[in-house]
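The block underneath contains the structure these notes are about, expressed in structure tokens.
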Amino acid sequence: AREAAAAATAAVVEAGGVSLEGVIVDSGRKEVEFELSSLQLEHAKTTKSGWPATDAAALRELAGRPSEDPPVFGSAYGAFGGGEVGEEACRALEALCQMGAIDTMLSNFILPLQDLADGTSRIHCSLNLNTETGRLSSRTPNLQNQPALEKDKYLIRDAFVAAPGKALVVADYGQLELRLLAHMTACTSMVEAFKLGGDFHSRTAMGMFDHVRRAVEDGTCLLDWDYSQGEPPAPLLKDLFGSERRRAKTLNFSIAYGKTAHGLSKDWGVSIDEAKEMLRAWYADRPEVLQWQKDTIASARATGATRTLLGRYRTLPGIQGRNGAVRAHMERAAINTPIQGGAADIMTLAMIKLQRSEKLREMGFRNLLQVHDEVMFEGPAELADEARAEVVACMERPFDENLPSLLVDLVVDANTASTWYEAK
DNA sequence: TCAGAGAGCGCC
DNA sequence: AAAGGGCGCTCTCTGA
Ligand SMILES: Nc1ccn([C@H]2C[C@H](O)[C@@H](COP(=O)(O)OP(=O)(O)OP(=O)(O)O)O2)c(=O)n1
Ligand SMILES: [Mg+2]
Ligand SMILES: [Mg+2]
């Protein structure tokens, strides 16, 4: 990683022969900001306080995709007068962006984790119950935000290893909050979709990306698989197109929790009309979700509070006030908290069941970590499969048997492996 | 030297 | 209009 950082720095300095040079040497984001305002670029994005934004999205817009096969140069091209200089500027900005990503990996994860290891090379965080919704949070270090999937290119999760002779069981709910949304809004089409099966985020990914849809249609990969039927005959979409599915997930929850056409257009690089069409399409066969949102906001406005699935409440200061931005934020919180908090309700019940499980106790499996809708257990490797089944059973049936169940099943994806990375 | 604010970014 | 929600950490700058 250090070498990669050095290489990227060198690349930036080399490419930055143009007037970006001064920027690069210190390579702090603040210097970029300063330079951007003096360049008088047509810089769409600004921060709260009115300065030009220097986040990855802003740099990407300036840089374009200068390293792709037919290169696409961003808005910095013209700002630097085009030609070779304009191209160099775009390449420099792209390298700067890459360097920022490497820097984040080093400063936030790779270096601090090594300092925090105890005498047996294990890491211990605190888990706190201090959130607005009833989720847990994790600190010193935060183990709930370790790089995942394509972002984990240095295999940080591979450094989380079971003790010798032991194995990890990592179990994560499938589309948890979408299932809860289906239940709480009593949305017919969503409930039916979950009954039919087929990973919801994967379906969204098919709709978003032609290459993904084609891969499903020609059998290159499967939408989903029921592992009680044995091994799948082809790879799953989730594994073959992990990053596309992750983008689909982001889109699903963004829309469900109140993303506007304005925000969609900005984040996904589509026109306002296209963004409106995305919203229309998402809600078209889910009118119950829209109605539930209206009702929930109305009730929150009347009472100044909102409630989770199991009735815990959150007050929403400002939802009755005159500040439009604050009010809008609280309205979105009013529709998110019942679901996110409801998911926390479910996970809490599941963790109680897991803690009370005689089987897990006898097998010697202990809970190491919770990541909102995921748990990680560790225990004797030879018992891992048995433990995995028990973890899945506890999580899929978190409620007391005499309580009414949800309109949808809870499905848990669980794997055993010796590292967190392999257990994906 | 220290605390707080902003910006930015990692995860769910 | 701070234009999905929920977190914690690092870095920089500022003012006491
Ligand atoms: N960008 C995101 C990612 C996640 N979540 C919330 C909703 C998810 O249901 C929950 C758990 O995150 P997961 O990454 O586990 O997502 P899912 O459970 O929905 O999907 P998967 O089937 O991949 O587990 O966190 C969210 O609000 N916004
Ligand atoms: Mg999940
Ligand atoms: Mg998860």
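Chain letters run A, B, ... following the sequence lines, proteins first, then strands; residues in each count from 1.
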Of A:Ala325 and A:Met330, the one whose closest DNA chain C nucleotide lies more 5': A:Ala325
Atom-pair distance (CG on A:Asn142; C1' on C:dG6), nearest Å: 12 Å
Whole-Å distance separating the CZ atom of A:Arg135 from the P atom of C:dG5: 13 Å
B:dG10 base / A:Asn145 side chain donor-acceptor hit below 3.5 Å: yes
A:Thr188 and A:Glu288: side chain donor to acceptor below 3.5 Å: yes
Phosphate-side-chain proximity, A:Arg332 and C:dG4, N/O vs OP1/OP2 below 4.0 Å: no
Distance, C1' atom - from B:dA7 to C:dA2, rounded to whole angstrom: 13 Å
A:Thr260 side-chain N/O to C:dG4 phosphate OP1/OP2 under 4.0 Å: yes
A:Glu422 atom CD: more than 12 heavy-atom contacts under 6.0 Å: yes
Residue that, paired with A:Val169, satisfies side chain to side chain contact (heavy atoms under 4.5 Å, CB included) out of A:Leu360, A:Asn415, A:Val391, A:Val392: A:Val391
Touch class at under 4.0 angstrom, heavy-atom based, for A:Ala56 against every strand present: sugar-phosphate
Closest non-hydrogen atom pair, A:Ile272 against A:Ala261: CD1-O, 4.1 Å
Between B:dG4 and C:dA3 - P atom distance, rounded Å: 26 Å
Under 4.0 angstrom between A:Lys266 side-chain N/O and C:dA3 OP1 or OP2: no
C:dG8 phosphate, OP1 or OP2, under 4.0 Å from A:Asn130 side-chain N/O: yes
Phosphate OP1/OP2 of C:dC7: any A:Thr131 side-chain N/O under 4.0 Å: no
Atom-to-atom span, CE of A:Met99 to C1' of C:dC11 - whole angstrom: 13 Å
Residue closer to the 5' end of DNA chain C, A:Pro112 versus A:Glu132 (nearest nucleotide): A:Glu132
Donor-acceptor side-chain pairing of A:Asp273 and A:Ser271 below 3.5 angstrom: no
C:dG6 phosphate, OP1 or OP2, under 4.0 Å from A:Arg314 side-chain N/O: yes
Residue A:His329, side-chain heavy atoms: nucleotide from B:dC12, C:dG6, C:dA3 that is nearest: C:dG6
Protein-nucleotide distance (A:Arg312, atom CZ; C:dG6, atom P), rounded to Å: 14 Å
Length of the line joining A:Leu279:CG and C:dG4:C1', which is rounded to integer Å: 11 Å
Phosphate OP1/OP2 of C:dC11 contacted by A:Ser107 side-chain N/O (<4.0 Å): yes
